[in-house]
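Presented below is the structure to which this report refers.
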Amino acid sequence: MMTLPLVLRADRRQFVVIGGGAVATRKIQTLVKAGCHPRVISPQVSAEVQALADSGAITLNLEKVGFDQAYSSGAFVVLATDDAEVNKAQADLAKQLGALICRVDDQEDNDFIFPAVVDRSPLLISVSSSGASPALTRHIKQRLEAFLPQQYGHLANVVESLRAQVKSVVEATKRPSFWRRWMQSQAPDLILAKQETKADEITQALLAGEHPSRGEAFLVGAGPGDPDLLTFRALRLIQSADVVFYDRLVNPAIMEFLSPDAERFYVGKARSDHSVPQDGINQLLVQEAKKGKRVLRLKGGDPFIFGRGGEEIEELAAAGVPFQVVPGITAASGCSAYAGIPLTHRDHAQSVRFVTGHLKNGTCDLPWGELIHPSQTLVIYMGLAGLPHICQQLIAHNMPAATPIALVEKGTLPDQKVHVATLETMPSYIETHDIQAPTLTIVGSVVALHETLKWR
Ligand code: SAH
């Protein structure tokens, strides 16, 4: 981070605005809205600023801005004239006198900046790009404006009014989980829909401990890596989990969406690291759900594609634990899209086959004959170590040695790489390049499309 957003009690601070044109007017209006009484210094001001002065909301000094303005230490000074030299000279002076400055025409030395604000008072959402792009912050603000109902301010007020009662009934250590349960209950939606009596019934029941959260497990696909590829449902369930069991392929950026008090358990598995055996994971899921927790099993890609998701829910089903399964974008889809290699294409492949190239005892036992078909794309998961063997077997079973093959390294992540070779040349290519897991292999004539369709 280059800057730190803080929330300031602006009504208790001295603000000085130098300038009275369009930009200054917007800043002055923001300050007045936040409860400040700024002093405005400018020989001319807009009609809006004059009106604020007339109503007593600001102190207006209609004087020429000179180099002798007195700024008090700790004051917040906004330099917003249309003369860059005046702004700079006044900024230097104000700094020398211990004031904090914001130059609207040059973000370089600013002590503070004005974020874009989505105002649902008392709820405020501020958006800042640390000065990088006001246009981008405005764009994001607009999207948030559209997304957040106006009544959120009212909801915030209701929550505030409940806090004293919750404090007297629920002990301190249990309050965060009480509030989480409350936020996940129907109460907030009912308040937004102005059904406050019903909302209050739910609140009172929760306070009386009558709604112990029902233990439940979610088997959720986290997609191939890029957090933008999560589904809405996955995100909602990630945010609401009490405990999470995750594996190696889940991007740490996705773990950021968890509630800060969610318990996290890493359950492998790198190829050589079987820290928690599969049976152990299945039992842990059941145990935690039976304690009444919302248990999240978070897996890379799609949980039902080479993810052992089926085995995990068999155990949950046998134990009578309610569960839901959320699909994720599997590595084949993610890598194919981000590498510009369509898995099917009318001129190249009418079918696609996903196989695992995981080695057992140094070899992999695949039905080679079935994999060789001129209009079929072959996608191999977990196949890097076994790739020379796989290429050799495919050639031995009459797949042309010149068939193009792509190795997508860290697909959908910022450092994704796509390596293209042929069945014949890939084994030596791997030997001479440093290739990092995870990788996915795509074999077939669709790989030739990468050159024209790559877009990242
Ligand atoms: N359930 C997962 C697959 C688990 S098996 C899914 O649906 O994607 C693990 C294998 O998936 C890895 O060995 C690798 O072949 C592939 N994989 C997963 N994420 C990947 C990524 N970001 N880039 C390339 N391959 C990936």
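Order of appearance sets the numbers: ligands from 1, and atoms from 1 within every ligand. Keep in mind it's a predicted model, so treat the numbers as computed, not measured.
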A student checking ligand 1 against Thr330 at a 4.0 Å heavy-atom cut-off should list atoms 6 (C), 7 (O), 8 (O)
Numbering as shown, the atoms of ligand 1 that approach Pro224 to under 4.0 Å (heavy-atom distance): 21 (C), 22 (N)
Students often mix this up, so state it plainly: with edges at 30° and 60°, are the rings of His389 and Trp368 parallel, tilted or perpendicular? perpendicular
Would you say the side chain of Val295 lies within less than 4.5 Å of the side chain of Phe218, judging by non-hydrogen atoms? no
If the cut-off is 4.0 Å to any non-hydrogen atom of Phe306, which atoms of ligand 1 fall inside it? 4 (C), 5 (S)
Protein residue, atom and distance nearest to atom 17 (N) of ligand 1, heavy-atom basis: Ala331 CB, 3.4 Å
Closest protein heavy atom to atom 2 (C) of ligand 1, given as residue, atom name and distance to 0.1 Å: Gly300 O, 3.3 Å
Just jot down the ligand 1 atoms closer than 4.0 angstrom to any heavy atom of Cys335, in number order. 23 (N), 24 (C)
The atoms of ligand 1 lying under 4.0 Å from a heavy atom of Leu249, numbered in the order shown, are 9 (C), 18 (C)
Heavy-atom contacts with Val408 under 4.0 Å: which atoms of ligand 1 show up? List them by number with element. 24 (C)
If you count the atoms of ligand 1 from 1 in the order shown, which ones are under 4.0 Å from a heavy atom of Ile305? 1 (N), 2 (C), 3 (C), 6 (C), 7 (O)
Between His154 and Glu196: side-chain donor-acceptor atoms closer than 3.5 Å: yes
Which atoms of ligand 1 have any heavy atom of Leu440 under 4.0 Å away? 24 (C), 25 (N)
Hey, is Lys410 one of the residues with a heavy atom under 4.0 angstrom from ligand 1? yes
